[in-house]
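Step one of this worksheet: look at the structure below.
Order of the sequence lines sets the chain letters (A, B, ...), proteins ahead of strands, with each chain counted from 1.
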Protein chains: 2
Amino acid sequence: MTTARRAILRALENSEDHPDALMLHDRAKEFDPTIAQATVYRTMRLLEQEGLVEKHDFGNGRARYEEAEKEQHDHLINLSTGEIIEFHDTNLEALKIEIAKRLGFDLKDHRLELYAVPRE
Amino acid sequence: MTTARRAILRALENSEDHPDALMLHDRAKEFDPTIAQATVYRTMRLLEQEGLVEKHDFGNGRARYEEAEKEQHDHLINLSTGEIIEFHDTNLEALKIEIAKRLGFDLKDHRLELYAVPRE
DNA sequence: TCAAAATATGCGAATGAGTTGCATATGCAG
DNA sequence: CTGCATATGCAACTCATTCGCATATTTTGA
């Protein structure tokens, strides 16, 4: 456990949004001003492999991260603002598992993103 | 309508899988041996913008394409083989729309991928 | 507590998918 | 068939991410 890693962990804890590596680098600099981008990338890869962090691709070229502790949820991306809304739906979860089963598979992971605009 | 574009279109028609740009480039060379990668990329971008092709990211770094004519479907990725299976579920479609609505949004697009292993 | 071994860091260079500038080639309208 | 608009090939570029390597920090174990 190094200074750099502590800084990244803290930056991550303080983030309510879904930051990308550059945002995390900026935020981590507050705790370790000399931290390098490469270290952020390396650490995020590590955390992802350890299952402590989830990596998402919301389609703008940069990977975005969130802590993995929370309960299972999916994302709705507000196309008007870029805002990301988390939601959870039990029926949906069940349905995913059930569809995989129907096809002869055990579900290991999944990804659901809804891209939507506010209803007027 | 140029030789290069015809070659790409033919390569795409002949593809039952979900080819990436490099695969398309290789396959298109059969019809136009001098075609450049840049042309494949440019043409795929064009086709995607025109809505004739759908672009996917199944998580291995290269975008993958399929013709958009088919009925709406989602993808299950067999983690053991990399094989991609298409499926359609009416309940699931309805549920996505309904969830977006519940959150106050009109669904514009969505992405669902199930990553799974064969049931033994 | 301290030195050696192990691991992580910072830097800049490298990678790899995708894009772009530009001179040339091709397609199409008249 | 000529002229102009558009597309192509090539090589150079972008941008996120990774890597090599020399140095710095942590950990281990006596």
For [X] and [N], give me the distance from atom [atom1] to atom [atom2], rounded to whole Å.
{"X": "B/Ile35", "N": "C/dA25", "atom1": "CD1", "atom2": "P", "answer": "18 Å"}
{"X": "A/Gln37", "N": "C/dA13", "atom1": "CD", "atom2": "C1'", "answer": "14 Å"}
{"X": "A/Gln49", "N": "C/dA8", "atom1": "CD", "atom2": "C1'", "answer": "15 Å"}
{"X": "A/Met1", "N": "D/dT28", "atom1": "CE", "atom2": "P", "answer": "13 Å"}
{"X": "B/Met44", "N": "C/dG18", "atom1": "CE", "atom2": "C1'", "answer": "13 Å"}
{"X": "A/Met23", "N": "D/dA16", "atom1": "CE", "atom2": "C1'", "answer": "15 Å"}
{"X": "A/Leu46", "N": "C/dT9", "atom1": "CG", "atom2": "P", "answer": "9 Å"}
{"X": "B/His25", "N": "D/dG9", "atom1": "NE2", "atom2": "C1'", "answer": "10 Å"}

Would you say the side-chain atoms of B/Glu66 and B/His75 include a donor-acceptor pair closer than 3.5 Å?
yes
Map B/Arg5 and A/Tyr41 onto DNA chain D by nearest heavy atom, then report which one ends up closer to the 5' terminus.
B/Arg5
Could you tell me whether the phosphate oxygens of [N], OP1 or OP2, come under 4.0 Å of any side-chain nitrogen or oxygen in [X]?
{"X": "B/Arg62", "N": "C/dG16", "answer": "no"}
{"X": "B/Thr34", "N": "D/dG9", "answer": "yes"}
{"X": "B/Thr2", "N": "D/dT8", "answer": "yes"}
{"X": "A/Thr3", "N": "D/dT25", "answer": "no"}
{"X": "B/Thr39", "N": "D/dG9", "answer": "yes"}
{"X": "A/Arg45", "N": "D/dC19", "answer": "yes"}

Specify the residue among A/Ala4 and B/Leu22 whose closest nucleotide of DNA chain C lies further upstream toward the 5′ end.
A/Ala4
On the six-membered ring of A/Phe31, is A/Arg10 placed so that its NZ or CZ lies under 6.0 angstrom from the centre and within 45° of the ring axis?
yes
May I ask you to decide if the ring planes of B/His56 and B/Phe58 are parallel, tilted or perpendicular, using 30° and 60° as cut-offs?
parallel
CD (B/Glu13) with more than 12 external heavy atoms under 6.0 Å:
yes
Is the shortest distance from a Lys or Arg side-chain nitrogen in B/Lys55 or B/Asp20 to a carboxylate oxygen in the other one below 4.0 Å?
no
Tell whether A/Arg42 reaches the base of C/dG10 with its side chain through a donor-acceptor pair below 3.5 angstrom.
yes
